[in-house]
There are 2 protein chains.
Amino acid sequence: MSRSAHTAAQSTKDRLIHAASDLFRRRGYAGVGIAEILNAAGAPKGSLYHHFPNGKADLALATADWASDGMLKLMAVSFDGAATVDDGITTLCHKLAKLFDKGGAWDSCPVESALSDGPDNIVFRERLGHLYEGWIAEVALYSEQLGDDPDTARARSERFFMLLQGAWTLARARQSSDVLRHLPEIARAPL
Amino acid sequence: MSRSAHTAAQSTKDRLIHAASDLFRRRGYAGVGIAEILNAAGAPKGSLYHHFPNGKADLALATADWASDGMLKLMAVSFDGAATVDDGITTLCHKLAKLFDKGGAWDSCPVESALSDGPDNIVFRERLGHLYEGWIAEVALYSEQLGDDPDTARARSERFFMLLQGAWTLARARQSSDVLRHLPEIARAPL
DNA sequence: ACAGGATTAGACCGATTGGTCCAGTGTGGT
DNA sequence: ACCACACTGGACCAATCGGTCTAATCCTGT
């Protein structure tokens, strides 16, 4: 298999990010060894340190960015054509529940797993905050577009984010996506 | 310092649990080495494997149980003499916010940090679910005692738990306990 | 005083960790 | 054709990992 064929399907860099994200989600940053990531991605060590000069840390930041982008896309799809904020949230929760089940019900938040138990680096922490604020801002934006005034939109989005994080945690503890599927009802309560 | 003096103040076993809990909370199960825990607790290796025959895994389970007990006690204190569920929740959130600040604003949930990124052991996962359900049941109980009917109490408790988990996560990302302090207002919304 | 279990102390182990380094390989520009 | 560069392959490294094992020591009950 030539490199260009690889590139066409999935570059080595992408394969590293995807494999690392999978593993981090399952066992956290510190719980996964470089060797395991390399093996899962089918790449040698040289490639990792070529694409990510700072090794594991750079790779973790990249997986977090990639996963966050995926979440933003999921939000966009969910709110696309949604008549109300509630509709968008409901669709999003259902999609996330499916994702949860597909991952074997033990995956944690891909952003948190890569960043929050990483080195107690300032860069990691700031990135975590930045990505989360991005999610909140995104839902708040959709909420505004659907008629909420800015303050309400922001408060609603923030509350939804908290409920979602908590629901995911509970779903993991229970090994069941039920709570994620029922989340829209809970979030429906007025502010 | 004799052992009995140690025992009076804090047994070696307890020192191990406290030190491990501190470290796990900060960097997660996989992120902390045995040597570091031993050093923090001022104990040699022999003691660890005497008190916890299965080593790190047993220790992690013990820290989770201990931390969960602490949370239950915090709930008991918060709801003791509370006139309404809202009062209890408000006190609890303020106490947790203080705890958050004391820990340097980067500690994660002590139960989750010890169990969720540990070995993908069934024992660990079931324990995590068990402890969380205990928290939810506890708040539901207080809620019932303060007049809610059982179904409402349970739903309220579960929603509060989710909000709390999410709020803690957000507080960590923001390096600020503000969201924990404002949580009662958010939780105040009717079901 | 003494026996015997509980506890501590730490040397030691093989495996694995993240990381470095360099020789090779393939590719695109000229 | 040739060069320059991006990329790959993997040997190698010191440090650390979790864990085992055996003496020494401490404390308690008699």
Side-chain angles (χ1 to χ4, degrees), chain A residues 1-20 23-24 26-63 113-115 117-121 123-124, chain B residues 1-20 23-24 26-63 113-115 117-121 123-124:
Chain A
M1 202 186 211
S2 75
R3 181 153 60 86
S4 49
H6 256 158
T7 306
Q10 213 177 22
S11 72
T12 299
K13 190 172 183 176
D14 285 344
R15 271 181 295 129
L16 282 169
I17 290 175
H18 299 343
L23 290 166
F24 287 159
R26 213 150 31 226
R27 294 204 305 281
Y29 177 85
V32 179
I34 295 270
E36 197 174 359
I37 296 171
L38 258 22
N39 183 49
K45 224 162 214 190
S47 300
L48 171 62
Y49 287 90
H50 171 75
H51 295 292
F52 305 97
N54 286 334
K56 202 184 184 185
D58 275 357
L59 181 54
L61 292 172
T63 63
S113 66
L115 298 183
D117 90 336
D120 48 4
N121 192 331
V123 177
F124 273 60
Chain B
M1 200 186 212
S2 74
R3 181 153 61 85
S4 50
H6 256 159
T7 306
Q10 213 177 21
S11 71
T12 299
K13 190 170 182 176
D14 284 345
R15 269 182 295 127
L16 282 168
I17 289 175
H18 299 343
L23 290 165
F24 286 159
R26 211 149 30 225
R27 294 205 305 280
Y29 177 86
V32 179
I34 295 271
E36 199 174 358
I37 296 171
L38 259 21
N39 184 50
K45 224 163 213 190
S47 301
L48 170 63
Y49 286 90
H50 171 74
H51 295 292
F52 304 97
N54 286 334
K56 201 185 185 186
D58 275 357
L59 181 55
L61 293 171
T63 63
S113 65
L115 297 182
D117 89 337
D120 48 4
N121 192 330
V123 177
F124 272 61

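Keep in mind that the numbers below use all heavy atoms, side chains included, and drop hydrogens, waters and symmetry copies. So that the names make sense, note that chain A is the first sequence line, chain B the second, and so on, each numbered from 1.
Separating the CG atom of Asp58(A) from the P atom of dG18(C) is a distance of 14 Å, rounded to the nearest angstrom. Nucleotide dG19(C) holds its P atom 10 Å from the CD1 atom of Ile37(A), rounded to whole Å. Atom-to-atom, CG of Leu48(B) to C1' of dA6(C) comes out at 16 Å; the value is rounded to the nearest Å. Nucleotide dG18(C) holds its P atom 14 Å from the CG atom of Asn39(A), rounded to whole Å. Rounded to an integer number of Å, the gap from Leu38(B) CG to dA11(C) P is 13 Å. We find that CD1 of Ile34(B) is positioned 11 Å from P of dT20(D), with the value rounded to whole Å. Atom pair Lys13(A):NZ and dA6(D):C1' shows a separation of 12 Å (rounding to whole Å applied). Remark: C1' of dC17(D) and CZ of Arg27(B) are 14 Å apart, rounded to the nearest angstrom.
Contact check for Asn54(A) versus Leu61(A): no side-chain heavy atoms found under the 4.5 Å cut-off. By the 4.5 Å heavy-atom criterion applied to side chains, Ser113(A) and Tyr29(A) are not counted as neighbours.
Set against dG18(C), dT7(C), dA6(D), the side chain of His50(B) has dT7(C) as its closest nucleotide. The side chain of Ser47(A) approaches dT8(D) more closely than any other nucleotide in the set dT8(C), dG19(C), dT8(D). Side-chain proximity of Tyr49(A) to the nucleotides dT8(C), dT20(C), dT8(D) is greatest for dT20(C). Taking only side-chain atoms of Ala35(A), from C-beta outward, the nucleotide of dG10(C), dT17(C), dG10(D) with the closest atom is dT17(C).
By the side-chain contact (heavy atoms from CB on, under 4.5 Å) test, Phe52(A) pairs with Lys13(A), Leu16(A), Ile17(A), Leu48(A), Asp58(A), Leu59(A), Ala62(A), sequence neighbours left out.
Residue Gly33(B) is classed as a sugar-phosphate contact, given heavy-atom separations below 4.0 Å to backbone atoms only.
Expressed to the nearest 0.5 Å, how far OG1 of Thr12(A) lies from NE2 of His50(A) amounts to 9.5 Å.
The list of salt bridge (charged side-chain N to carboxylate O under 4.0 Å, His left out) pairs with a residue in residues 28-39 of chain B, not counting sequence neighbours, reads Arg27(B)-Glu36(B).
Residue order along DNA chain D, read from the 5' end via each residue's closest nucleotide, puts His51(A) first among His51(A) and Lys56(B).
Put simply, Thr12(B) has a side-chain N or O that comes within less than 4.0 Å of OP1 or OP2 on dT8(C).
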